[in-house]
Asker: 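One structure follows; several queries about it will come next.
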Amino acid sequence: MQFSSWRWNRILAFFTGVGVFFAFPWSGLSPALPEWTIDVLLSVPFGLCVYGFTEQPRKVILLVPVGTALGIGVLALYRASGVHLF
């Protein structure tokens with residue numbers, strides 16, 4: 001396998017996702033933001049890590065963090081209205 005044939009965009013996406021995931025607690029944003037927004041923001045590095053591991057196209061992988069963020073947002077709306085599912 002030649003060095004130039006590596007899929008650098010996927011390798012870079014994976015390491016960026018891991019870096020953002022572990023750097024987020026030290027960013028100081030946690031006390032300033034509500035809990036549900038932190039969960040929504042953490043879906044982005046999760047999507048980058050999934051993109052780095054799979055061979056799926058970007059458009060398919062984009063559905064993973066978007067779906068995760070929407071699901072967390074819907075759960076946050078339920079909790080704000082007084083309905084606790086979990």
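In this text, all values refer to a predicted model and were calculated from it rather than measured experimentally. Just the heavy atoms: all of them, side chains too, but no hydrogens, waters or symmetry mates, feed the values below.
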Asker: For the residue pair Q56 and V60, what are the closest heavy atoms and their distance?
Answerer: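 Closest heavy-atom pair between Q56 and V60: OE1-CG1, 3.9 Å.
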Asker: For a quick test of reading the model, state the closest non-hydrogen atom pair linking V40 to G73 and the distance between them.
Answerer: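 V40 and G73 have their closest heavy atoms at CG2-N, 4.5 Å.
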Asker: Hydrophobic clustering (ILVMFWY, side-chain heavy atoms < 4.5 Å, transitive) - are V18 and L41 grouped together?
Answerer: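 Looking at the clustering, V18 is in the same group as L41.
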Asker: Should F15 and F24 be regarded as members of a common hydrophobic cluster, given that ILVMFWY residues are connected when their side-chain heavy atoms come within less than 4.5 Å of each other, either directly or indirectly?
Answerer: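 Yes, F15 connects to F24 through the hydrophobic network.
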Asker: Nearest 0.5 Å please: distance from the CG atom of L70 over to the CG atom of L63.
Answerer: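 Interatomic distance, L70 CG to L63 CG, rounded to 0.5 Å: 10.0 Å.
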Asker: Aromatic contact between F21 and F46, with the criterion being ring centroids under 6.0 Å apart: yes or no?
Answerer: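 No - the distance between ring centres of F21 and F46 does not fall below the 6.0 Å cut-off.
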Asker: Does R10 use its side chain to pair, donor to acceptor, with the backbone of Y51 at less than 3.5 Å?
Answerer: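 Yes; judged by distance alone, with no hydrogens or angles, the pair exists.
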Asker: Report the distance from atom CG of N9 to atom CG of L12, rounding to the nearest 0.5 Å.
Answerer: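 N9 atom CG to L12 atom CG measures 8.0 Å (nearest 0.5 Å).
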Asker: Following the transitive rule for hydrophobic clusters with a side-chain heavy-atom cut-off under 4.5 Å over Ile, Leu, Val, Met, Phe, Trp and Tyr, establish whether F53 and L42 coincide in one cluster.
Answerer: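 In one cluster with F53: L42, yes.
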Asker: What are the two closest non-hydrogen atoms of S43 and A69, and how far apart are they?
Answerer: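 Scanning both residues completely, I find the closest heavy atoms to be OG-CB, 3.8 Å.
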Asker: In terms of hydrophobic clustering (I, L, V, M, F, W, Y; side-chain heavy atoms under 4.5 Å; direct or indirect links), are F14 and F22 co-clustered?
Answerer: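 Same cluster: F14 reaches F22 through Ile, Leu, Val, Met, Phe, Trp or Tyr contacts under 4.5 Å.
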Asker: Check whether any side-chain heavy atom of I61 sits under 4.5 Å from a side-chain heavy atom of T54, and report yes or no.
Answerer: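 Answer yes - side chains close enough.
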